[in-house]
Amino acid sequence: MNYNQGMMMPGTLEGKVVIVTGGGTGLGKSMTQYFLTLGAKVVIVSRNSDKLNETAQQLRTECEQGEILTYALDVREYEAVETMVDFVIDHLGKIDILVNNAAGNFISPTERLSSRAFDIIIDIVLKGSKNCTLAIGKYWIKNNLPGTVLSIVTTYSWTGSGYVVPSAMAKAGVLAMTRSLAVEWGKYKIRFNAIAPGPFPTKGAWERLLPGHLKEKFDLTSKNPLKRVGEHQELSNLAAFLISDYSSFINGEVVTIDGGEWLQGAGEFNIFDQITPEEWEYINQNIKKINK
Ligand code: HXC
Ligand code: NAP
């Protein structure tokens, strides 16, 4: 057994209808692949229909279980999201689970961003997650159906982060939505949880956030307490658990999966990692002298 293997029981998501926004690429694609192997019917949605169809074709060939459909839309447009909801219900009969995964991001000093650029990120991440959650939530409540929403945020949702300020603001909003609706819509049997990933290599994130030589300059493995980045299956395992009935009593939670990365920066003395054993010996002797 290792962390690159699926951990859930076969059939865990049998018959469940899952919508994964941004499911054509990166982490959304990896989650979709795993949900399919667990028996789910997954609808992947994003703007680029070619990318969606290519992913669907590949996963149909690779996964014997489950069923995959595609739907091209921009999550920023509420009416398009409503139409997508109708499409899924027409084709698969219901919706059980929403995974808010679609995102956009720039790295930039904030003063270099135009107002439009700022809005693009806020609109994709915050408004997009709101649009999908509201449209599907209304459907669940109107039809007296239970539901589960899982949102992919980041660890800077609560720490904030320079150079990705629109993303940090939007992800903080998605986390606030998760915790707020976990309580407000608990009475409708709708659960809300979030995952805060640390670094998981994907083309979409890496090419935009660590372009060119920045990958080597800011080696994310060396600054991580576990000295590695995340494996997609690790995140997919957690996501599958959080959308499954095994986590039925978990509501309003955000689970961090980052190898301890954000705490590394937070702990006052964590920088003491750099002190050698010889230096510790010297420090220890000195402190003893001072104590006397
Ligand atoms: C400053 C920028 C910019 C940059 C674009 N703009 N890139 N400003 N720095 N790097 C500005 C442009 O000047 C323009 O403003 C406006 O943004 C829109 O530019 P477009 O060229 O029209 O947009 P485009 O770059 O084509 O698309 C933006 C996008 C795209 C929609 C966000 O990058 C995208 O499709 N992203 C989706 C995938 C993604 O981002 N994945 C990463 C997720 S990672 P003006 O005013 O001139 O018109 C993540 C967290 C990772 O979220 C955490 C890791 C630990
Ligand atoms: P990615 O591959 O770039 O995924 C982003 C997806 O969002 C794409 O499939 C994109 O598809 C879709 N999307 C963007 N704008 C959209 C819009 N307006 N409407 C509909 N879909 C849209 O990046 P990723 O790394 O897998 O990121 C997935 C999630 O994990 C994001 O929420 C991200 O913030 C989060 N995350 C990632 C990391 C990491 O290290 N990778 C760390 C922390 C958090 P189209 O272009 O086809 O629209």
Side-chain angles (χ1 to χ4, degrees), residues 19-33 43-56 70-78 80-81 84 99-129 131-132 150-157 159 161 163-172 174-175 194-212 214-215 218 220-221 223-224 229-232 234-236 238-239 254-259 261-262 265:
I19 294 174
V20 180
T21 67
T25 65
L27 296 176
K29 179 177 173 183
S30 298
M31 286 188 279
T32 297
Q33 176 162 33
V43 186
I44 53 173
V45 306
S46 78
R47 295 162 301 177
N48 185 327
S49 55
D50 289 345
K51 230 181 328 180
L52 290 173
N53 290 332
E54 195 185 312
T55 294
T70 64
Y71 192 95
L73 95 175
D74 189 324
V75 291
R76 290 172 284 188
E77 292 164 16
Y78 187 73
V81 172
M84 178 271 289
V99 181
N100 284 316
N101 168 77
N105 210 345
F106 305 133
I107 42 160
S108 174
T110 308
E111 68 276 15
R112 288 175 60 106
L113 290 173
S114 68
S115 175
R116 179 170 175 266
F118 213 113
D119 285 351
I120 285 175
I121 304 305
I122 303 264
D123 285 353
I124 297 173
V125 176
L126 182 58
K127 207 168 145 190
S129 302
N131 284 345
C132 296
L150 175 68
S151 295
I152 310 300
V153 294
T154 64
T155 52
Y156 58 66
S157 305
T159 63
S161 175
Y163 305 98
V164 284
V165 171
S167 170
M169 289 169 62
K171 294 284 192 185
V174 175
L175 185 54
I195 294 178
F200 282 77
T202 63
K203 192 166 181 285
W206 255 229
E207 282 182 356
R208 288 183 177 89
L209 305 179
L210 290 169
L214 294 189
K215 259 182 233 59
F218 301 114
L220 294 181
T221 54
K223 83 165 190 161
N224 195 292
V229 291
E231 293 284 340
H232 285 211
E234 294 179 286
L235 186 127
S236 299
L238 178 58
V254 53
V255 183
T256 303
I257 178 163
D258 75 339
E261 182 194 64
W262 84 270

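Atoms within each ligand, like the ligands themselves, are counted from 1 in listed order.
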Considering only the protein, which heavy-atom contact is closest to [atom], and what is its distance?
atom: atom 9 (N) of ligand 1; answer: S108 CB, 3.6 Å
atom: atom 19 (N) of ligand 2; answer: V75 N, 3.0 Å
atom: atom 23 (O) of ligand 2; answer: T202 OG1, 3.9 Å
atom: atom 35 (C) of ligand 2; answer: I152 CG2, 3.7 Å
atom: atom 44 (S) of ligand 1; answer: A205 CB, 3.7 Å
atom: atom 45 (P) of ligand 1; answer: S114 OG, 3.6 Å
atom: atom 53 (C) of ligand 1; answer: L209 CD1, 3.9 Å
atom: atom 5 (C) of ligand 1; answer: F106 CE2, 3.3 Å
atom: atom 52 (O) of ligand 1; answer: N105 ND2, 3.3 Å
atom: atom 11 (C) of ligand 1; answer: A117 CB, 3.5 Å
atom: atom 23 (O) of ligand 1; answer: I120 CD1, 4.7 Å

Using a strict 4.0 Å cut-off to heavy atoms of [X], name the atoms of ligand 2 that fall inside it.
X: R76; result: 18 (N)
X: D74; result: 17 (C), 18 (N), 19 (N)
X: V153; result: 43 (C), 44 (C)
X: N48; result: 47 (O)
X: G26; result: 2 (O), 26 (O)
X: L73; result: 19 (N), 20 (C)
X: N101; result: 28 (C), 29 (C), 30 (O), 31 (C), 32 (O)
X: L27; result: 26 (O), 30 (O), 37 (C), 41 (N)

Practice prompt. Just go through D74, V153, I107 and tell me whose heavy atom is the nearest to atom 10 (N) of ligand 1.
Written response: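 Nearest heavy atom to atom 10 (N) of ligand 1 lies in I107.
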Worksheet item: Nearest to atom 14 (C) of ligand 2 by heavy atom, G22, S49, A103, A72: which?
Response: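 Of the listed residues, A103 has the closest heavy atom.
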With a 4.0 Å heavy-atom cut-off (strictly under), which part of [X] contacts ligand 1: side chain, backbone, both or neither?
X: V164; answer: neither
X: R208; answer: side chain
X: L113; answer: side chain
X: Y156; answer: side chain
X: E261; answer: neither
X: I121; answer: side chain

Discussion item. Looking at every heavy atom in both G104 and I121, which two are closest together, and how far apart are they?
Written reply: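 Looking at all heavy atoms of both residues, the shortest contact is O-CG2, 3.3 Å.
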Discussion item. If I compare all heavy atoms of S161 with all of A168, which pair ends up nearest, and what's the gap?
Written reply: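 For S161 versus A168, the nearest heavy atoms are N-CB, 4.0 Å.
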Worksheet item: When you check the side-chain N and O atoms of Y163 and T110, is any donor under 3.5 Å from an acceptor?
Response: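 Checked: Y163/T110 side chains show no N/O donor-acceptor pair below 3.5 Å.
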Discussion item. Just by distance, no angles: are the side chains of N53 and T70 close enough, under 3.5 Å, to form a donor-acceptor pair?
Written reply: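 The criterion, which ignores hydrogens and geometry beyond distance, is satisfied for T70 and N53.
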Got an N/O contact under 3.5 Å between [X] and ligand 2?
X: A102; answer: no
X: S46; answer: yes
X: T25; answer: yes
X: I124; answer: no
X: P201; answer: no

Any side-chain heavy-atom pair of [X] and [Y] under 4.5 Å:
X: K127; Y: I122; value: no
X: S49; Y: Y71; value: no
X: C132; Y: T21; value: yes
X: K203; Y: T25; value: no
X: L220; Y: L210; value: yes
X: M169; Y: F118; value: yes

Discussion item. Does K171 form a side chain to side chain contact (heavy atoms under 4.5 Å, CB included) with V153? I'd like the steps, not just the answer.
Written reply: CA-CA 5 Å; K171 294 284 192 185; V153 294; 4.3 Å; yes
Worksheet entry | For ligand 2, the portion of K171 having any non-hydrogen atom under 4.0 Å away |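 Only the side chain of K171 comes within reach of ligand 2.
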Worksheet item: Under a 4.0 Å heavy-atom limit, does K51 contact ligand 2 with its side chain, its backbone, both, or neither?
Response: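 K51 to ligand 2: side-chain contact only, backbone stays beyond 4.0 Å.
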Just by modelled atom types, is the [Y] backbone N or O under 3.5 Å from a matching donor or acceptor in the [X] side chain?
X: N131; Y: V75; result: yes
X: T256; Y: D258; result: no
X: T55; Y: G24; result: yes
X: S129; Y: L126; result: no
X: H232; Y: P201; result: yes
X: N101; Y: I152; result: no
X: R208; Y: G204; result: yes

Show the atoms of ligand 1 that are less than 4.0 angstrom away from any heavy atom in [X].
X: R116; value: 14 (C), 15 (O), 16 (C), 18 (C), 45 (P), 46 (O), 48 (O)
X: R47; value: 31 (C), 34 (C), 35 (O), 37 (C)
X: A103; value: 37 (C), 38 (C), 39 (C), 40 (O), 41 (N), 52 (O)

Worksheet item: Is the closest heavy-atom distance from P197 to ligand 2 below 4.0 Å?
Response: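 For ligand 2, residue contact (heavy atoms, under 4.0 Å) with P197 is present.
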Worksheet item: Is there a heavy atom in P199 that sits closer than 4.0 Å to ligand 2?
Response: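 Flag set, P199 near ligand 2.
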Practice prompt. Determine, step by step, whether F200 and S30 satisfy the side chain to side chain contact (heavy atoms under 4.5 Å, CB included) criterion, reporting the C-alpha distance in whole Å, the side-chain angles of both residues, the deciding distance to 0.1 Å, and the verdict.
Written response: CA-CA 11 Å; F200 282 77; S30 298; over 6 Å; no
Worksheet entry | Audit row: I195, L150, side chain to side chain contact (heavy atoms under 4.5 Å, CB included) steps and yes/no | CA-CA 7 Å; I195 294 178; L150 175 68; 3.9 Å; yes
Practice prompt. Please indicate, with yes or no, if any protein heavy atom is found under 4.0 Å from atom 27 (O) of ligand 2?
Written response: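 It does not: no protein heavy atom is found less than 4.0 Å away from atom 27 (O) of ligand 2.
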